[in-house]
Amino acid sequence: MRILLTGGAGYVGSACLRYLLANDVEAFAFDNLSEGHAQSVPEGRLIVGDISHTGALTDALRTTGADAVMHFAAATTIDTSVTDPDFHYRNNVGGTRSLLNAMRAAGVRRMLFSSTCATYGLNPETPLREDSPQMPCSPYARTKLAVEWMIRDFADAYGFGFTLLRYFNAAGASADGTHGEHHDPETHLIPIVFQVALGQREQIKIFGTDYPTPDGTCIRDYVHVDDLAQAHLLAIRAIESDTAEIYNVGTGTGSSVLEVINACEKVIGREIPKTIEGRRPGDPPALFASAEKIVERLGWSPVHGTIQAIVESAWRWHKQHPSGYAN
Ligand code: UDP
């Protein structure tokens, strides 16, 4: 198998790329480096390009001899999707349409798409199953749901196999501490807590303590990025020409914002300053997965099971790379 990873220089994409290479799969990143980091991609594996350029993408698929695509490239911040939905629809919906047409032109017939738990949105079921109704509550989540439908429609009409991975909150860093999470600007909870610990921010702002959850803060299911990578390899290997599958990828355990901050404080060894703020626009109250299906059908076996283990790996990366990939 030869795989092209759009967004392969991003946080999850590059973790998957390295995991594929470590498992003897030929793989290449296609990334415009608007958010990704060239340093996160092994030597000789990066093609710089934008998914909106169908021709360049078609060339990349042909020259790498790709027979499958993992599609990570997307605009992913929930709050900016509320203020600038055009950017998210253009990148996510328009970009995926361009990719699907490049795949048709190059004859690539297998696709794995990075969808998200955010498509379940306001659905109060816990845990969420693949057949739980999707109730997205932000423009970002709605672009991802629109793309899920676009992929189904293209697969029905033009014939290719696909799997949608709805993953929960990717977190953590590689075991050797060499690769981790770095967004600019950073919006994610765990890296921001560690930026406070490193003196780069004054405090962690807790966005809302009035949610209908036990401690009033939002609950998410944090899954280690290398466990996500394992899920990607298992899922892409299982895609046949007529596959149309959906899997949740989460641990089945939810952690509240306060629980995550506490877990981080344990590894840092001290408390950090906090303030309570209003809710962040577009945030669903609670999302955690039933991962039974991917465990049973694909034999997924996450190895970084607890939030404590996940934040420990993240802290190693942030301590050693206080400026992320800019170090
Ligand atoms: N969050 C927070 N303060 C921050 C960043 C995030 O309270 O500075 C909360 C956010 O509102 C959400 C949770 O932490 O409930 C996880 O947010 P993150 O951005 O990490 O991931 P998301 O769930 O949005 O993909």
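Counting starts at 1 for both ligands and their atoms, in listed order. Basis for what follows: all heavy atoms, side chains included, without hydrogens, waters or symmetry-related copies.
Judged as a salt bridge (charged side-chain N to carboxylate O under 4.0 Å, His left out), not a single pair has a partner in residues 224-236 (not counting sequence neighbours). Here ring-ring contact (aromatic ring centres under 6.0 Å, His included) pairs that include residues 98-124, with residues two or more places apart or in two chains, are His71-Phe113.
Near ligand 1, residues Ile78, Asn169, Thr187, His188, Leu189, Ile192, Ile204, Lys205, Ile206, Phe207, Cys218, Arg220, Tyr222, Val257, Arg280, Asp283 each place a heavy atom inside the 4.0 Å sphere around the ligand atoms.
Using cut-offs of 30° and 60° on the angle between ring planes, the pair His88 and Tyr140 is perpendicular.
Shown are His179, His321, His182; of these, the ring pair (Phe, Tyr, Trp, His ring centres under 6.0 Å) with His37 is made only by His182.
His232 and Gln230 form no side-chain donor-acceptor contact under 3.5 Å, judged by distance and modelled atom types alone.
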Between side-chain atoms of residues 289-298 and protein atoms elsewhere (two or more places apart, or another chain), which donor-acceptor pairs fall under 3.5 Å?
unit_1: Lys293; atom_1: NZ; unit_2: Glu245; atom_2: OE1; d: 2.8
unit_1: Lys293; atom_1: NZ; unit_2: Ile246; atom_2: O; d: 2.7
unit_1: Arg297; atom_1: NH1; unit_2: Glu245; atom_2: OE2; d: 3.2

